[in-house]
Amino acid sequence: MTKFVMYKEDGDKGDGHHETAAPKTVASFVADPVSVRPWYWLKRFLLLLVIAPFALLFLYKLPFVHPVSTLMIKDLVTLKGYERQWVPLEDIAPVLVNSVMMSEDGQFCSHYGIDWNQLKLVLGSDGEPSRGASTIPMQTVKNLFLWNGRSYVRKALEFPLAQAASLILSKRRMMEIYLNIVEWGDGIYGVEAAAQHYFKRPASKLTARQAAYLAVTLPNPILRDASKPSRGMVRISRIIERRAQNSGTYVGCVQ
């Protein structure tokens, strides 16, 4: 900090000598240039990163807002491009919604972001969370705000974000966003693009078997092809198809 001090001079004493007396008035001007401290801006940047997802969740409540995922942004930045056509939930075949719910998160309608019972089972089996404990809200916030790959840091961030998303968004809006941003193949995002790519038909016209194939593709959409299912995919899809047909009250929150 630089400090400038100015003194006011008294007049001549009358004997020809000009004397500067003790200052009766002192005017101080303080120059305090803004100091650029890296940690100062880093703290504010980190604070913005924390606040931004919660603010965006409120924005995503609006039905005319069509969110994009971090993977979609990456594809744009790398000039790869992607396929995605947003469709409202009412224009998606109910059997697809039911199949995805029964495959990915059977308790979607009854929990608030985290399926604690399933999480306890998974932790008790191998000691760390896996996709088996990952709910649709957790996958939605991961796709919207985080990154792929298994990581304790990412999981720790998913938990509060999933709970916040469940409080801010309705179940129908959550499912609508998820089905429109989830990756269904290399550069293929959302159920409409997936239905057109794999079956040459809109998402509203998917059959029960096609819906089941798409549902079992989700754990690994890069390696699994819904239009060319492996023997294992066919076996699992039959189970999912039966569960979707008998889902009943399990899917009532999105009806």
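For H197, the ring pair (Phe, Tyr, Trp, His ring centres under 6.0 Å) test picks out no residue, with sequence neighbours left out. Every residue was checked against the side chain to side chain donor-acceptor pair (under 3.5 Å) condition with R224, not counting sequence neighbours, and none meets it. Take R231 and apply the side chain to side chain donor-acceptor pair (under 3.5 Å) test, not counting sequence neighbours, and it matches no residue. In this structure, the salt bridge (Lys or Arg N to Asp or Glu O under 4.0 Å) partners of R209, at least two apart in sequence or on a different chain, are E241.
Using a 4.5 Å heavy-atom threshold, the side chains of V251 and M102 count as touching. By the 4.5 Å heavy-atom criterion applied to side chains, I239 and V216 are not counted as neighbours. Between D186 and K80 there is a side-chain heavy-atom pair separated by less than 4.5 Å. Taking 4.5 Å as the limit, some side-chain heavy atom of L179 sits within range of a side-chain heavy atom of V100.
Salt bridge E176/R172: absent, no basic N to carboxylate O contact under 4.0 Å. With respect to K205 and D91, no salt bridge is recorded, no charged nitrogen being found less than 4.0 Å from a carboxylate O.
Atom CD of Q107 and atom CD1 of I136 lie 11.5 Å apart (nearest 0.5 Å). Interatomic distance, W41 CH2 to L48 CG, rounded to the nearest 0.5 Å: 12.0 Å. In this structure, NZ in K142 is found 13.0 Å from CG in L161, a value given to the nearest 0.5 Å. The distance from atom CZ of F54 to atom CG of L59, rounded to the nearest 0.5 Å, is 15.5 Å. To the nearest 0.5 Å, the span separating OG on S69 from CZ on R84 amounts to 8.0 Å. Interatomic distance, CD1 of I240 versus CG of L214, reported as 12.5 Å (0.5 Å rounding).
The minimum heavy-atom distance linking M101 with M175 is given by the pair CE-CE, 3.7 Å. Contact between K171 and V254 at its shortest, heavy atoms only, is O-CG1, 4.0 Å. Closest heavy-atom contact between L71 and N148: CD1-ND2, 3.2 Å. When every heavy atom of Y198 is checked against every heavy atom of P221, the shortest pair comes out as OH-O, 4.4 Å. Listed here is the closest heavy atom pair of P63 and R173: O-NH1, 3.8 Å. What you find for Y112 and S166 is that their closest heavy atoms are C-OG, 3.4 Å.
At a cut-off of 3.5 Å, with distance as the only test, a side-chain donor of D105 or H111 sits close to an acceptor on the other residue.
Following chains of ILVMFWY side-chain contacts shorter than 4.5 Å, one can reach I168 starting from L157, so the two form part of one hydrophobic cluster. Clustering ILVMFWY residues whenever any of their side-chain heavy atoms sit less than 4.5 angstrom apart, transitively, puts I92 in the very cluster that holds V182. Residues L76 and I181 fall into different hydrophobic clusters, defined by Ile, Leu, Val, Met, Phe, Trp and Tyr side chains chained together at heavy-atom separations under 4.5 Å. Connection of V87 to W184 is established within a shared hydrophobic cluster, with ILVMFWY side chains joined at heavy-atom distances below 4.5 Å, either directly or through further cluster members. Cluster annotation: V95 is not connected to Y250 through the hydrophobic network of ILVMFWY side chains, with a link wherever side-chain heavy atoms come within less than 4.5 Å.
When atom types are taken as modelled, the side chain of D115 and the backbone of F108 share no donor-acceptor pair closer than 3.5 angstrom. Proximity of a side-chain donor or acceptor of E192 to a complementary backbone N or O of N180 within less than 3.5 Å is not detected. Panel note: side chain S103, backbone S99; no donor-acceptor pair is recorded below 3.5 Å.
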As a quick check of understanding, evaluate side chain to side chain contact (heavy atoms under 4.5 Å, CB included) for K155 and M138, giving each step before the final call.
CA-CA 9 Å; K155 281 294 180 184; M138 292 172 70; 4.0 Å; yes
Step by step, work out the side chain to side chain contact (heavy atoms under 4.5 Å, CB included) result for N143 and T70.
CA-CA 6 Å; N143 289 335; T70 52; 5.8 Å; no
Apply side chain to side chain contact (heavy atoms under 4.5 Å, CB included) to residues I73 and V68 and explain how you reach the verdict.
CA-CA 7 Å; I73 294 173; V68 295; 3.9 Å; yes
Could you give me the CA-CA distance, side-chain angles and deciding distance for T207 and F199, then say whether side chain to side chain contact (heavy atoms under 4.5 Å, CB included) is met?
CA-CA 10 Å; T207 67; F199 303 117; over 6 Å; no
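Counting only residues at least two apart or on different chains, the ring-ring contact (aromatic ring centres under 6.0 Å, His included) pairs with a member in residues 61-88 are H66-W86, Y82-Y189. Residue pairs satisfying the disulfide (SG to SG under 2.5 Å) criterion with at least one member in residues 43-97, sequence neighbours excluded, are absent.
Using cut-offs of 30° and 60° for the angle between ring planes, the Y60 and F145 rings count as parallel.
Each of L169, T140, L167 was scored for a side chain to side chain contact (heavy atoms under 4.5 Å, CB included) with L57, with one residue passing: L169.
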